[in-house]
Engineer: 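What follows is a single structure, and I will ask about it in a moment.
Starting from 1, each residue takes its place in the sequence as its number. No hydrogens, no waters, no symmetry mates; every other heavy atom, side chains included, goes into these values.
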Amino acid sequence: MVRAEGWFARRVVAAVAGATLVACAGYGGAAAREAGGAGTGSDWSREVTPFPVLDADGRPYDHAFLGGFDVPRPQLVDIDADGDLDLFIQERSNELMHLENVGTPSAAQFAWRTDRFAGVDIAEWYRFIDMDRDGRPDLLSERPFSYIRYYHNAGPAAAPRFELAADTVRTAEGEPLFSDRQNIPNATDLDCDGLTDLFIGKLTGTVARYELVEGALPEPRFRLLSDRFEDIEIVANVMGSMRHGANTMDFADHDGDGDVDLFWGDFFEQGLLLLENTGSCASPSIRNVPVPFPRTDPVKTTGYNAPTVGDLNGDGRPDMLIGVLGGAYNPTLSAIENLYFLEHTPETFEVRTTRYLYGIDVGSESIPELADLDGDGDLDLLLGSKIDPADGRTGRIHHFENVGSAGRPSFRERPPLPISGHYHYAPEAGDLDGDGVLDLLVGTWNDEVLLYRNAGTARSAEWELAAEPLVELTRGSNSTPAVGDVDGDGDLDLLVGEASGTVNFYRNAGSATQPSYELVSDEWEGIDVGRRSQPALVDLDGDGDLDLVIGNEAGELRVWRNAGTRAEPRFVSEQGSRLPRLPYGAPAFGDLDGDGSLEILLGNLSGGVGYYRR
């Protein structure tokens, strides 16, 4: 079959982001689709629920193609003033996902609207806060690197419109306010005096408190009230060593006593910490002795927990979502289970799910392949993963059978393929020996492309590993294969992407029934896409020959059109191809709905799948 991080160094060192400014950005409304991915002006529209997808137990994925999460940073806020809480999540630098609450105040139900809410630049963190007390949420976000931006909400309550009011928020003395981008600050009116208080956590485990200077808006300035707020110092005992690190916080009245308490998530804390307000709204007093939360049965994750509080079921008690960013406790284990929902019962907070937005997610660095694996005339889906969170010794190739038809797809998750022992699986299907059944080429983290011959039938595959790798790269790692008849001689040639960003071309010097692969070039056509080239061969323009699309680590899908013929190909780089993009984007092309037009499935860094139609 022809295939058609970073935040915190994904967890520890903050990634470098651009510094584009937005003067004015409008609210995107309730569109069911969004053009492209990451708001790039693509010619393709993104859809999250284009057709039914069921998990292995028959449970529907209600957000099947949301794309997965690794480091979700959630916030609940009624952005459109309709009386229920909407959900915002940041997974990637400078992107803010908006999910509108299309349910009711007593039964939240979220529908994806956009990955780039209002077009605002948020870099590594964001916080909605009603700075001017007009009943409409404004927005604070990071300005690279480690400064603070302020967006004023200038729209009506039901249709917010964000205008950049201060590119750099400053102190009362006019100095830029610094907030280390490894930490996520927060703001609230702690003492109920009508002036917003800004709290900035430090890597030392302490908190600085600032208060808005009265009359300073629309360009806010903040006066330092305390460099060690309430003498708080969060220090964790990790394997006998006292440590404090990256942190996030949230203020919420979780117990209904009329004042806000402080929740703290730390890189070196396995759980979420509560610092209770034992004072009142007018006279707050935050205890500086944290306790694990919930008190009765504390949450334990891989660390660095980002909470947000809000009543999601209309019972008058605030519930909680926790995004698990992954700290000092093996973040691989939270590559899938990383968005907790805690319901506030009359007695305590109880974990109801660890995957609140239920979508396809295989961990991280997913690589899709579309092929008719069971010979029933429709396309099935394979999805390779980097590491299996349940077994850190191997990656997996996950199998989603198309139980619908060639015109009306419907997928059901089946057991993973019986393939293990390597990391970073990159599957590619093709009938290499001309026997009418698909074989499987598998790239891995190292320099080999493995061959699994199908010793079964078109309807019932039996995968047998060949004694020797199909090819070995001359250099590099993270082999990612793509097969197709590049030179028009009737057999399948082989392209292999790799970590360096170049492409290896192996011509089939044998035949359609007895392939023999010879290396033509390990820097074919001079192609270099940066890091992690992930190629797909596909007739993108319908002219009868194969074009080349390559994803890379940065999230670009770059196109090389075949300006020659099937027999004499000539690949020309196409600028401005307007394809969708996701970090570590691995493309697979196929006509899933039988309308004669290709769709794109994109694997990505977060372990899910993006779905795009032209």
Engineer: Taking Glu47 first and then Arg613, would you say they form a salt bridge - that is, a charged N and a carboxylate O separated by under 4.0 Å?
Structural biologist: yes
Engineer: Go through the side-chain N and O atoms of Asn402 and Asp380 and say whether any donor and acceptor fall under 3.5 Å apart.
Structural biologist: no
Engineer: Salt-bridged, Glu556 to Arg581, with N to O below 4.0 Å?
Structural biologist: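 No, Glu556 and Arg581 are not salt-bridged.
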Engineer: Without hydrogens or angle criteria, can the side chains of Tyr358 and Asp55 be said to hold a donor-acceptor pair below 3.5 Å?
Structural biologist: yes
Engineer: Test of understanding: with ring pair (Phe, Tyr, Trp, His ring centres under 6.0 Å), list the residues that count as partners of Tyr356, not counting sequence neighbours.
Structural biologist: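 Ring pair (Phe, Tyr, Trp, His ring centres under 6.0 Å) check on Tyr356 returns Phe341.
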Engineer: What distance do Thr302 atom OG1 and Tyr329 atom OH have between them, rounded to the nearest 0.5 Å?
Structural biologist: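 Output value for this atom pair is 10.0 Å.
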Engineer: Tell me every residue that passes ring pair (Phe, Tyr, Trp, His ring centres under 6.0 Å) with Tyr340, counting only those two or more places apart in sequence or in another chain.
Structural biologist: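 Checked Tyr340 against ring pair (Phe, Tyr, Trp, His ring centres under 6.0 Å); zero matches.
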Engineer: Tyr61 and Glu413: side-chain donor and acceptor closer than 3.5 Å?
Structural biologist: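 On atom types as modelled, these side chains qualify, holding a pair under 3.5 Å.
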Engineer: Would you mind listing every salt bridge (Lys or Arg N to Asp or Glu O under 4.0 Å) that reaches into residues 342-360, with sequence neighbours excluded?
Structural biologist: Glu343-Arg352, Glu350-Arg352
Engineer: If the condition is salt bridge (Lys or Arg N to Asp or Glu O under 4.0 Å), which residues does Arg396 pass it with, not counting sequence neighbours?
Structural biologist: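 If we apply the salt bridge (Lys or Arg N to Asp or Glu O under 4.0 Å) test to Arg396, skipping adjacent residues, the hits are Asp388, Asp391.
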Engineer: Please state whether the rings of Phe128 and Phe117 are parallel, tilted or perpendicular, taking 30° and 60° as the class boundaries.
Structural biologist: perpendicular
Engineer: Please collect all salt bridge (Lys or Arg N to Asp or Glu O under 4.0 Å) contacts where either partner lies in residues 317-333, sequence neighbours excluded, each pair once.
Structural biologist: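 Residue pairs passing salt bridge (Lys or Arg N to Asp or Glu O under 4.0 Å), neighbours aside: Asp315-Arg317.
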Engineer: Can you list every side chain to side chain donor-acceptor pair (under 3.5 Å) pair that touches residues 292-301, not counting sequence neighbours?
Structural biologist: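 Residue pairs with at least one partner in residues 292-301: Glu276-Arg295, Thr296-Thr348, Thr301-Asn305.
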